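Please read the structure below before turning to the comments.
Quick caveat: nothing in here was measured; it's all calculated off a predicted structure.
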Amino acid sequence: MSCRCVDIARCQRDLDVLRGQAAPCARRANDSCTHIDTALSNAASSVGKAIETASIAELQSQLGKLGKQEHKAVWELDNGCVSEATRIAASISQMRTEDAAYHRSVAEAQAKAAAVARAQAQAQALAQAEAQAKAAMGKWQSR
């Protein structure tokens with residue numbers, strides 16, 4: 001177990017970038033796909049006067065497929081962003097739990113070390129007091 005503060009900060013930065021840039025980009029791409037679909041439909045309607053009815057239906061079918069492919073690609077990109085954001089958020093949560101446990105154990109170890117140091121200082125002071133008392137008793141008895 002070790003401190004995860006740096007890892008948490010790095011992942012949080014990644015998550016912020018993903019939510020702040022990638023997700024809005026995917027939404028803009030979806031809006032662009034809708035705009036392209038409209039433009040292609042308008043183009044197919046305009047071409048209708050210049051070509052045969054069977055060709056119009058085929059053109060509209062191909063344009064429809066193209067639009068569906070674009071929307072699917074953008075949906076997959078957006079879904080991928082959401083999935084990655086969810087994965088990173090879960091990792092951050094897990095790292096925060098680990099980090100809290102680590103910092104608790106460090107604090108406990110420091111508290112124990114401080115208690116041992118205080119006990120050793122008290123024992124040393126007691127030993128010095130005992131030595132001084134023995135020396136004083138020895139002087140007193142030698143009189």
Side-chain angles (χ1 to χ4, degrees), residues 1-48 50-51 54-143:
M1 188 169 23
S2 64
C3 179
R4 304 299 300 267
C5 292
V6 173
D7 296 332
I8 291 168
R10 184 179 41 81
C11 286
Q12 188 63 53
R13 203 171 34 252
D14 291 348
L15 185 60
D16 293 344
V17 167
L18 189 61
R19 287 180 174 159
Q21 294 176 8
C25 182
R27 284 190 288 279
R28 286 191 303 274
N30 189 43
D31 293 344
S32 294
C33 284
T34 301
H35 178 72
I36 290 168
D37 283 347
T38 302
L40 290 175
S41 291
N42 291 341
S45 297
S46 298
V47 171
I51 57 177
S55 298
I56 293 173
E58 179 61 25
L59 177 62
Q60 288 175 335
S61 172
Q62 291 300 320
L63 293 176
K65 288 178 187 175
L66 178 62
K68 286 178 186 176
Q69 290 171 349
E70 290 171 348
H71 281 289
K72 182 180 178 190
V74 170
W75 180 84
E76 287 173 352
L77 174 66
D78 189 41
N79 196 38
C81 287
V82 170
S83 295
E84 186 65 9
T86 301
R87 186 192 66 74
I88 292 172
S91 294
I92 290 171
S93 178
Q94 180 181 359
M95 284 189 282
R96 282 187 176 143
T97 300
E98 292 173 14
D99 193 58
Y102 169 76
H103 287 289
R104 260 192 317 277
S105 69
V106 167
E108 289 170 3
Q110 289 172 341
K112 286 178 185 177
V116 167
R118 281 191 306 273
Q120 288 173 338
Q122 288 173 348
Q124 187 177 14
L126 184 60
Q128 287 175 348
E130 185 180 352
Q132 289 172 351
K134 284 183 182 181
M137 284 293 274
K139 284 183 185 179
W140 182 76
Q141 288 177 350
S142 64
R143 286 192 206 176

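Remark: E130 engages K134 in a salt bridge (Lys or Arg N to Asp or Glu O under 4.0 Å) (not counting sequence neighbours). Residues satisfying the side chain to side chain contact (heavy atoms under 4.5 Å, CB included) test with E98, not counting sequence neighbours, are R4, Q94. Scored by the side-chain hydrogen bond (donor to acceptor under 3.5 Å, both in side chains) test, D16 finds Q12 as partners (sequence neighbours excluded).
Side-chain atoms of S93 never come within 3.5 Å of backbone atoms of A89 as a donor-acceptor pair (strictly under, hydrogens ignored).
Of the inter-residue distances, the one linking H103 atom NE2 with S2 atom OG reads 9.0 Å to the nearest 0.5 angstrom. In this structure, the separation between CG on L15 and CD1 on I8 is 12.5 Å, given to the nearest 0.5 Å. The CD1 atom of I88 lies 4.5 Å from the CD atom of E84; values are rounded to the nearest 0.5 Å. Atom SG of residue C81 and atom CD of residue Q21 lie 11.0 Å apart, to the nearest 0.5 angstrom. Interatomic distance, CZ of R104 versus CG of D99, reported as 10.0 Å (0.5 Å rounding).
In this structure, I92 and R96 have side chains that are in contact, with non-hydrogen atoms separated by less than 4.5 Å.
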